[in-house]
Amino acid sequence: PQTQSGPETTCDAISADGTYIAFELGGWDTADLPGGFSCGSDPCYWPGDSFILDRATGAVVPVAVDSSGQAGAVNPGTGIWTSYTANSVSMSDDGTVIAFQSTSPLIPGLPPGLYAYVRNLTAGTLQVLGPAGGPAASWGSDSPVVSGDGTSVAYRYTPGAGVSDA
């Protein structure tokens, strides 16, 4: 079998002053990541997840966290801790507001599907992007882009796409 010497990494976004970098790792299979972030168990698996690197401090934080602040969960079937996934990350100019898409269950009660989210790192908030008051089972959203000042997010809204067959 083919072995990989390290994770595949791509850059998704950079803050205006270059302090914050959003990057995606694919297939990292270890308990510790650069910057001191740890999944807290071994084995763990990052199937393709995005992180924010603070170049001033060297800290690394995951983009996709659920509403309780967790970055993943142990799969009951395998016993392996698996991260929540995030990609298509967009960042405000100051790096404090990020928008991303994920199929992970980040908000309780949201049916399986692809959704766009906005996360305010300073306030510690997470919000799914979609129609106000619309039933979650009848829509999906993706491809978010946050404005430079972090006050607006554009995204694609897809009626009827919230429920996945997977």
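Everything quoted here is computed from the prediction, not taken from an experiment.
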Identify the two heavy atoms, one from F23 and one from I52, that lie closest to each other, and give their separation to 0.1 Å.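 F23 and I52 have their closest heavy atoms at CE2-C, 4.5 Å.
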Which atom names give the shortest non-hydrogen contact between R55 and G18, and what distance separates them?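 Where R55 meets G18 most closely, the heavy atoms are NH1-O, 2.9 Å.
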Under a 4.5 Å cut-off applied to non-hydrogen side-chain atoms, are [X] and [Y] in contact?
X	Y	value
V145	V153	no
Y20	M91	yes
L114	Q101	yes

Donor-acceptor pair, [X] side chain versus [Y] backbone, under 3.5 Å?
X	Y	value
S50	V63	no
S92	V97	yes
S104	L106	no

For T103, check side chain to side chain donor-acceptor pair (under 3.5 Å) against everything at least two apart and list the hits.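 Partners of T103 by the side chain to side chain donor-acceptor pair (under 3.5 Å) criterion come out as none, since no residue qualifies.
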Residues forming a side chain to side chain donor-acceptor pair (under 3.5 Å) with S143, sequence neighbours excluded: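 Side chain to side chain donor-acceptor pair (under 3.5 Å) list for S143, sorted by chain: empty.
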For [X], enumerate each residue passing the side-chain contact (heavy atoms from CB on, under 4.5 Å) test, keeping only those at least two apart in sequence or located in another chain.
X	result
V65	P62, A71, R119
I14	C11, I21
Q70	D66, S68
S67	P108

Which residues satisfy the ring pair (Phe, Tyr, Trp, His ring centres under 6.0 Å) test with F100, sequence neighbours excluded?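 Counting only residues at least two positions away or on another chain, F100 forms a ring pair (Phe, Tyr, Trp, His ring centres under 6.0 Å) with Y117.
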Which residue pairs satisfy the salt bridge (charged side-chain N to carboxylate O under 4.0 Å, His left out) criterion with at least one member in residues 140-151, sequence neighbours excluded?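 Matches after skipping sequence neighbours: D142-R156.
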Pairs in or reaching into residues 83-99: which pass salt bridge (charged side-chain N to carboxylate O under 4.0 Å, His left out), with residues at least two apart or in two chains?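 Of all non-adjacent pairs touching residues 83-99, none passes salt bridge (charged side-chain N to carboxylate O under 4.0 Å, His left out).
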Does one side chain, of T125 or N120, offer a donor that lies under 3.5 Å from an acceptor on the other?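 Short answer, no.
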For a side-chain contact (heavy atoms from CB on, under 4.5 Å) check, start with the C-alpha distance between V118 and L129, then their side-chain angles and the critical distance, and finish with the verdict. CA-CA 7 Å; V118 63; L129 301 171; 3.9 Å; yes
